[in-house]
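Worksheet: the structure to be examined is printed underneath.
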Amino acid sequence: GGIHPFMNLHRIIDITYRINFMNLRKALYDCYYFVMQRKKQEGGFSATSLLPATVEDTYHALKIIKDMDKFGLAFDYKPDRDESLKSWLYQNMKWKEPKVFYQFLRICIFCNIEIKKEFLEQSMDFLVYGKITLERAFYLAKISELMNFQMPYIKKLPAPKIAKDLYMYI
């Protein structure tokens, strides 16, 4: 007789999961509201309420919101329905570095904005000029992978995994 030891363990795990999920749920909603407080009326997000929206801050805010979707919680904000964000994006199509362009492309993907091949080609032509640092090579490789876009005019661009390994090393 008695309860099998694994049953007790299962109950302990189940209770622990429920307690932790409630804490996690609260933490996720707190995080969501923290991010949404940085949303600017004109469309993008900023690191603080005192700063203007930037592509980098907007990318990180939207990535956080997208990552939280994995937990199945219902958040009100949907970037693909945010017309002020899309308008802000079109007004902020300026970048000098592949990192910012990569973030811009990811924002477009989050918002379900189609990226035309011609736009990509024109932007890449601009971005490949100048010294190719490890960071630039990393983000050019990420762009190439993200958009399935070949860059034949850049010789020996590292594969995204190699570029990431090198970039994380420094």
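Excluded from the calculations below are hydrogen atoms, water molecules and symmetry mates; all remaining heavy atoms, backbone and side chain alike, are included. Position 1 is the first residue of the sequence, and the numbers go up from there.
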Value rounded to 0.5 Å, distance of [atom1] in [X] from [atom2] in [Y]:
| X | Y | atom1 | atom2 | answer |
| --- | --- | --- | --- | --- |
| K86 | C108 | NZ | SG | 10.0 Å |
| K39 | T58 | NZ | OG1 | 8.0 Å |
| L85 | C111 | CG | SG | 4.0 Å |
| F75 | K66 | CZ | NZ | 13.0 Å |
| T54 | Q103 | OG1 | CD | 8.0 Å |
| K142 | Y139 | NZ | OH | 7.5 Å |

Examine distances only and state if a side-chain atom of [X] and a backbone atom of [Y] form a donor-acceptor pair shorter than 3.5 Å.
| X | Y | answer |
| --- | --- | --- |
| R38 | S46 | no |
| D57 | A53 | no |
| R106 | Y102 | no |

Indicate the atoms forming the closest heavy-atom contact of [X] with [Y], along with that distance.
| X | Y | answer |
| --- | --- | --- |
| P98 | R136 | CD-NH1, 3.4 Å |
| L28 | M68 | O-SD, 3.4 Å |
| K40 | L50 | NZ-N, 4.4 Å |

Side chains of F104 and N92 in contact at under 4.5 Å (non-hydrogen atoms):
no
Is F110 close to D82 at the side-chain level, that is, under 4.5 Å between some pair of heavy atoms?
no
What's the verdict on side chain to side chain contact (heavy atoms under 4.5 Å, CB included) for W88 and V55, showing C-alpha distance, side-chain angles and the deciding distance?
CA-CA 10 Å; W88 178 84; V55 170; 4.2 Å; yes
Do L51 and L89 sit in the same hydrophobic cluster, where Ile, Leu, Val, Met, Phe, Trp and Tyr count as joined when their side-chain heavy atoms come under 4.5 Å apart?
no
Is F34 atom CZ crowded by more than 12 heavy atoms from other residues, nucleotides or ligands, each under 6.0 Å away?
no
Using a strict 4.0 Å threshold on nitrogen-to-oxygen distance, state whether D30 and K26 make a salt bridge.
yes
Below 30° counts as parallel, above 60° as perpendicular, anything between as tilted: where do the rings of F45 and Y77 land?
perpendicular
